[in-house]
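Report on the structure given below.
As the structure is a computational prediction, the values presented were derived from the model and not from experiment. Just so it is clear: chains get the letters A, B, ... in the order the sequence lines come, proteins before strands, and each one is counted from 1.
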Protein chains: 2
Amino acid sequence: MTEALLDIAEVAGRSGLAPSALRFYEKKGLIAPAGRNGLRRTYRPDVLDRLALISCARTAGFTVAEIGRFLVATPGDTDLRARMAVKARELEEDIARLTRMRDGLRHAAACAHETLVECPDFKRAFAAPAQPVPR
Amino acid sequence: MTEALLDIAEVAGRSGLAPSALRFYEKKGLIAPAGRNGLRRTYRPDVLDRLALISCARTAGFTVAEIGRFLVATPGDTDLRARMAVKARELEEDIARLTRMRDGLRHAAACAHETLVECPDFKRAFAAPAQPVPR
DNA sequence: CCTTGACTTGAATCGCGCTTCAAGTCGCAG
DNA sequence: CTGCGACTTGAAGCGCGATTCAAGTCAAGG
């Protein structure tokens, strides 16, 4: 356990993130090094969990700022809990959209219309509820 | 049917996109006006379907360039079909990630740990298979 | 001690997807 | 014909999420 701390390069390697990204996240308050070895940042291993979470949230469409807010959440922060619930609902919609898109793509990879746009099945997948605008 | 064509403002209104976005998409080859009325672009009504598709694809994470490529796809373009299949598989993963994220958020909105990061249930939701790196 | 080479910093740059802006052009009502 | 106002253009700007760069600093090894 004398080697408990990870060098930034180590963290970069294991997390799959660039060192520059780690510094970027630090500047944004998402992570913090445990200390330094000379100038070199060193991290506690559990930063890897945090980074996994961050990556996941990023690819789920959260902005870095949002993630930062979530990461400092305490149980008393009902405001933030509400925001989380909202986000969960938004994710629901995103999932539905992605699912439609996936099905559309699957069909598109198989159907035989001149161009995608002419495939009625494909189009049907995107009766997007963007702006109903009846008239 | 003498009024078959839509003015750009009309299209913007019905599609929920800004006129500037329409011009932007045109520059990128995603859409084309049917003609002009003076300087004013006019569109065939079916451009709305196309725009719905585009919006959907955008929110599904496709870049404008990708969408452009998909839109000109012909049945013979096996390359592109392959790419679509790949995209469909990627979407699958995205959906899985979003689902995990949603579940994590739902839990987070309810659980009672000091900070999110300390909630083992929450963390468990993100055993991200980013970089396994066994040793 | 002096080199090596991986890190450090802040600032600049990039790619994407638009939006905004200044300046110009048109159709149409009066 | 005149003026209004909604459009046109190309170019510049913006927000985000990083990456890249130049210049500096450090620990360890020869």
Side-chain angles (χ1 to χ4, degrees), chain A residues 2-3 5-43 47 50-71 87 90 94 97 130-131, chain B residues 2-3 5-43 47 50-71 87 90 94 97 130-131:
Chain A
T2 104
E3 255 310 318
L5 295 185
L6 303 175
D7 180 286
I8 186 174
E10 190 96 24
V11 172
R14 296 201 188 188
S15 68
L17 294 165
S20 61
L22 297 182
R23 289 190 284 264
F24 179 71
Y25 288 157
E26 182 177 335
K27 205 176 310 184
K28 298 290 183 171
L30 302 204
I31 58 172
R36 298 280 181 131
N37 179 11
L39 285 190
R40 221 163 277 204
R41 287 162 177 81
T42 54
Y43 296 91
V47 79
R50 211 177 162 90
L51 287 172
L53 170 57
I54 292 170
S55 297
C56 188
R58 279 288 300 117
T59 64
F62 293 89
T63 69
V64 169
E66 277 171 340
I67 297 169
R69 271 177 262 132
F70 286 166
L71 283 178
K87 271 291 174 188
E90 288 176 8
D94 292 348
R97 210 186 356 259
Q131 218 93 304
Chain B
T2 103
E3 256 309 319
L5 295 185
L6 303 175
D7 181 285
I8 187 173
E10 190 97 24
V11 172
R14 296 200 188 189
S15 68
L17 294 164
S20 60
L22 298 183
R23 288 190 283 264
F24 178 72
Y25 288 158
E26 181 177 335
K27 206 176 309 185
K28 298 288 185 175
L30 302 203
I31 57 171
R36 297 281 181 129
N37 180 10
L39 284 190
R40 221 162 277 203
R41 287 162 178 80
T42 54
Y43 297 91
V47 79
R50 210 176 163 91
L51 288 172
L53 171 57
I54 292 169
S55 297
C56 188
R58 281 287 301 117
T59 64
F62 293 87
T63 69
V64 169
E66 278 171 340
I67 297 169
R69 272 177 260 130
F70 286 166
L71 284 178
K87 270 292 174 187
E90 287 176 9
D94 292 348
R97 211 185 355 259
Q131 216 93 306

message: Please give me the minimum heavy-atom distance between A/R50 and A/L30, naming the atom from each residue.
response: NE-O, 2.7 Å
- prompt: Closer than 4.0 Å, any side-chain N/O of A/R40 to the OP1 or OP2 of D/dC26?
  reply: no
query: Is A/Y25 near enough to D/dA18 that one of its side-chain N or O atoms lies under 4.0 angstrom from OP1 or OP2?
result: yes
Side chain of [X] - closest among [options]:
{"X": "A/R36", "options": "D/dT9, D/dG17, C/dT9", "answer": "C/dT9"}
{"X": "B/D7", "options": "D/dC7, D/dT19, D/dT9", "answer": "D/dC7"}
{"X": "B/R41", "options": "D/dG17, C/dC26, D/dT9", "answer": "D/dT9"}

message: Judged by each residue's nearest nucleotide on DNA chain D, which is more toward the 5′ side, A/R58 or A/L39?
response: A/R58
Roughly how many Å is it from [atom1] in [X] to [atom2] in [N], rounded to a whole number?
{"X": "B/I67", "N": "C/dG17", "atom1": "CD1", "atom2": "P", "value": "8 Å"}
{"X": "A/E66", "N": "D/dG17", "atom1": "CD", "atom2": "P", "value": "9 Å"}
{"X": "B/I31", "N": "C/dC18", "atom1": "CD1", "atom2": "C1'", "value": "14 Å"}
{"X": "A/K27", "N": "C/dT9", "atom1": "NZ", "atom2": "C1'", "value": "9 Å"}
{"X": "B/L17", "N": "C/dG17", "atom1": "CG", "atom2": "P", "value": "14 Å"}
{"X": "B/E26", "N": "D/dT8", "atom1": "CD", "atom2": "P", "value": "9 Å"}
{"X": "A/F24", "N": "D/dG15", "atom1": "CZ", "atom2": "P", "value": "14 Å"}
{"X": "B/L5", "N": "C/dG27", "atom1": "CG", "atom2": "C1'", "value": "17 Å"}

query: Base, sugar-phosphate alone, or nothing: which one does B/A18 contact when heavy atoms must sit under 4.0 Å apart?
result: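 The answer is sugar-phosphate, as B/A18 gets under 4.0 Å only of primed atoms, P, OP1 or OP2.
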query: Under 4.0 Å between a Lys/Arg side-chain N and an Asp/Glu carboxylate O for A/K87 and A/E90?
result: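 Salt bridge between A/K87 and A/E90, a charged N being under 4.0 Å from a carboxylate O: yes.
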message: Looking at B/G35, is its backbone amide N or carbonyl O close enough to the side chain of B/T42 to form a donor-acceptor pair, meaning the two atoms are under 3.5 Å apart?
response: yes
field: A/R58 side-chain N/O to A/F62 backbone N/O, donor-acceptor pair under 3.5 Å
entry: yes
task: On DNA chain C, check which nucleotide each of B/T63 and A/P19 is closest to and give me the residue with the more 5' one.
output: A/P19
query: How about B/D94 and A/T59: do any of their side-chain heavy atoms sit closer than 4.5 Å?
result: no
